[in-house]
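Naming: A, B, ... by sequence-line order, numbering from 1 per chain.
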Number of protein chains: 2
Amino acid sequence: MKLRYAVLGLLSLEPHSGYDLGRAFAGSVAHFWYADQSQIYRLLDDLDAEGAITTEVVRQNGRPDRRVHSLTETGRHELDDWLRSPLDVQRPKNAFLARLFFAGSLGPDHIRRILDEAEQLVTDSREQLRTIEHSATTLDEVIQNATLQFGLSHAETTLTWIAETREAVASFERGTPDD
Amino acid sequence: MKLRYAVLGLLSLEPHSGYDLGRAFAGSVAHFWYADQSQIYRLLDDLDAEGAITTEVVRQNGRPDRRVHSLTETGRHELDDWLRSPLDVQRPKNAFLARLFFAGSLGPDHIRRILDEAEQLVTDSREQLRTIEHSATTLDEVIQNATLQFGLSHAETTLTWIAETREAVASFERGTPDD
DNA sequence: GTCCTATATAGGACTTTTCAAGTATGAGTT
DNA sequence: AACTCATACTTGAAAAGTCCTATATAGGAC
C-alpha cells in the first residue's frame with residue numbers, strides 16, 4: 001500500500017485537498033508515482049477514519065468547497081516508520097520494453113517504428129519534467145530536486161540507448177551483428 | 001492487461017508451462033515484467049478457454065506432469081495486434097524515489113542510509129542482469145539483448161546518480177548548496 | 001527418518017488499481 | 001440561453017495483483 005505513504009508524504013510537506021493530490025500525481029510527483037482520483041478520495045476517507053489525517057472544510061468564493069487534509073501526529077509517525085523501514089526489491093513493469101522484447105517477428109521496420117514512438121514519448125516526458133520548478137535551498141528541496149534529476153538522467157539514458165538500439169538493428173540488417 | 005501480452009509473447013518464442021513462465025518472470029524477463037505464480041496459472045486457464053493457447057500434458061519421469069502451452073493462430077493474432085498498437089504513456093511507480101522524496105525531515109544521515117540501501121539493491125540487480133545469457137545472431141536476440149542493455153544502462157545511470165545525490169547532500173551540509 | 005529444496009499446479013481471500021459515470025459550482029464564451 | 005472549461009468530490013463495478021495455503025513427486029542433506 002505505497003499510495004498511502006505517498007499521500008502521507010505529500011501531506012507532510014503541506015496540507016492538500018484530494019484535488020490537489022490528484023494534480024500532484026499528475027504533475028510534480030508523476031515521475032515516481034501515479035494514482036487515480038477515485039483511489040485518492042477513498043484513501044483519504046480511510047486515513048481520516050483511522051486518525052492519520054484531519055480534514056478541514058475550506059469555503060471558497062466562486063468554487064466548490066475544498067476539503068483540506070493535514071497530517072496528524074499518528075500519520076506523521078506512520079510516515080516516519082515507513083521512511084525508516086527497509087527498501088524492498090523493485091519489480092519493474094515496463095510495457096515498452098515488453099513490446100520491444102517480443103517484436104522481433106514483425107521485422108526491423110516495425111522495431112524502428114516502436115523505437116521512434118518511444119523516443120517521442122521519452123522526449124515529451126523529459127520536457128514535462130523540465131517544467132517542474134526546482135530550487136535547492138532546503139534539504140527537502142535538495143532531495144526533491146534529486147528525484148527530478150533521476151528522471152532527467154534516465155530519460156537521457158533512454159534516448160542514448162534508443163540510438164544504440166537502432167544502430168544494433170541496422171547493423172544486424174547489414175549482416176554484421178554486433179554483440 | 002499487459003501480463004496477458006507478456007505471456008502470449010513468451011509463448012510466441014517457445015512453448016512454456018506455467019512453471020516455466022514463473023521462472024521467466026523471476027529471471028530472464030524480470031527486468032521489465034513480473035507476475036505472481038497464482039496470477040500466471042489463472043491467466044493460462046483464461047487464455048486456454050478463449051482459444052488463444054493450447055495445452056498439452058507432458059509426462060515426466062520422477063516429476064509431476066507439465067502442462068505445456070503453445071500459442072494458437074488466434075493468440076498469435078492477438079499478440080500481433082498488441083505489438084502494432086500505439087504505446088501508451090508509462091506511469092512509473094518507484095517506491096525508492098517516493099521514499100527519498102519525503103525523507104528530508106529525517107535528516108542527511110538518514111538520506112545517506114537510503115542511498116546506501118538503494119546502491120546495494122541496484123548493484124545486486126545489475127549482477128542478476130549480467131547472469132542472463134545473451135547473444136545476437138538473430139533479430140529476436142538482437143532486441144532481447146537490447147532490453148537487457150536497457151536494464152544495465154539504467155543501473156549504471158542510477159549508480160552515477162546516487163553518487164551525485166550523495167554529493168548534493170554533502171554540499172548542502174557544507175552550506176554550499178548547488179542547484 | 002526427517003528436513004529442505006525444487007518441480008509443478010490450484011484456489012481462497014484479499015487488497016489495490018483502473019475505468020466509467022455522475023454530482024455540483026461558477027466563470028467565461030459564443 | 002446554452003456551451004464549455006476548471007474546480008472539487010463521489011460511487012459502482014470490474015480488473016489486476018498479492019499473499020497464503022494446499023496438493024503431489026522426488027532428490028539430496030543431516
Side-chain angles (χ1 to χ4, degrees), chain A residues 1-8 10-11 15-27 29-30 32-50 53 55-69 82 88-95 98, chain B residues 1-8 10-11 15-27 29-30 32-50 53 55-69 82 88-95 98:
Chain A
M1 225 198 309
K2 293 298 160 36
L3 174 60
R4 184 181 181 95
Y5 302 111
V7 166
L8 292 176
L10 284 166
L11 296 182
H16 286 71
S17 68
Y19 189 79
D20 295 337
L21 291 168
R23 282 193 310 177
F25 286 119
V29 303
F32 64 81
W33 212 265
Y34 171 78
D36 185 85
Q37 51 138 324
S38 66
Q39 207 185 349
I40 293 166
Y41 284 108
R42 275 188 268 241
L43 174 61
L44 287 170
D45 288 345
D46 291 348
L47 290 172
D48 193 285
E50 292 171 30
I53 63 174
T55 302
E56 190 196 355
V57 176
V58 176
R59 305 213 167 275
Q60 301 186 102
N61 47 351
R63 288 184 193 158
D65 296 352
R66 284 155 55 79
R67 303 184 60 227
V68 178
H69 307 278
W82 176 67
D88 37 36
V89 185
Q90 307 243 36
R91 298 197 278 214
K93 294 198 175 175
N94 188 320
Chain B
M1 222 198 311
K2 294 296 161 36
L3 174 60
R4 184 182 182 94
Y5 303 111
V7 165
L8 292 176
L10 284 167
L11 296 183
H16 286 71
S17 67
Y19 188 79
D20 295 338
L21 290 168
R23 281 193 311 177
F25 286 119
V29 303
F32 64 82
W33 212 265
Y34 171 78
D36 185 85
Q37 181 244 94
S38 64
Q39 208 187 348
I40 294 167
Y41 284 108
R42 275 188 269 241
L43 174 60
L44 287 171
D45 287 345
D46 291 348
L47 290 172
D48 193 285
E50 292 170 31
I53 63 173
T55 302
E56 189 196 356
V57 176
V58 176
R59 305 213 166 274
Q60 301 186 101
N61 46 352
R63 287 184 195 161
D65 294 353
R66 283 157 56 79
R67 303 184 60 229
V68 178
H69 307 279
W82 176 68
D88 37 36
V89 186
Q90 308 242 35
R91 298 198 277 213
K93 295 197 175 176
N94 188 321

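- Looking at heavy-atom distances under 4.0 Å, Lys93(B) makes contact with sugar-phosphate atoms alone, never a base.
- Using a 4.0 Å heavy-atom distance criterion, Arg59(A) is classed as making no nucleic acid contact.
- No salt bridge links Arg91(A) with Asp36(B); every basic N to acidic carboxylate O contact stays at or beyond 4.0 Å.
- Side-chain to base pairing of Gln37(B) with dA8(C): no donor and acceptor N or O lie closer than 3.5 Å to each other.
- In this entry the distance linking CG of Leu21(A) with C1' of dT7(D) reads 15 Å, nearest Å.
- Residue side chain Gln39(A) does not reach the base of dT18(C) through any donor-acceptor N/O pair under 3.5 Å, judged by distance alone.
- Using a 4.0 Å heavy-atom cutoff across all strands shown, Gln60(B) reaches sugar-phosphate atoms only and no base atom.
- Between Asp46(B) and Arg4(B) there is no salt bridge, since none of the side-chain N atoms of the basic residue sits less than 4.0 Å from a carboxylate O of the acidic one.
- Rounding to whole angstrom units, CG of residue Asp65(B) and C1' of dA26(D) are separated by 14 Å.
- Across all strands shown, Arg23(B) has heavy atoms under 4.0 Å from sugar-phosphate atoms exclusively, and none from any base.
- A donor N or O paired with an acceptor N or O is found under 3.5 Å between the base of dC19(C) and the side-chain atoms of Ser38(A).
- Over its full length, the helix from dG1(C)-dC30(D) to dT30(C)-dA1(D) turns its helical axis through 20°, comparing axes from the five pairs at each end and rounding to 10°.
- In this structure, Ser17(B) reaches the sugar-phosphate backbone alone: every heavy-atom distance under 4.0 Å involves primed, P, OP1 or OP2 atoms, never a base.
- Following rounding to the nearest Å, Arg42(A) (CZ) and dA14(D) (C1') show an atom-to-atom distance of 11 Å.
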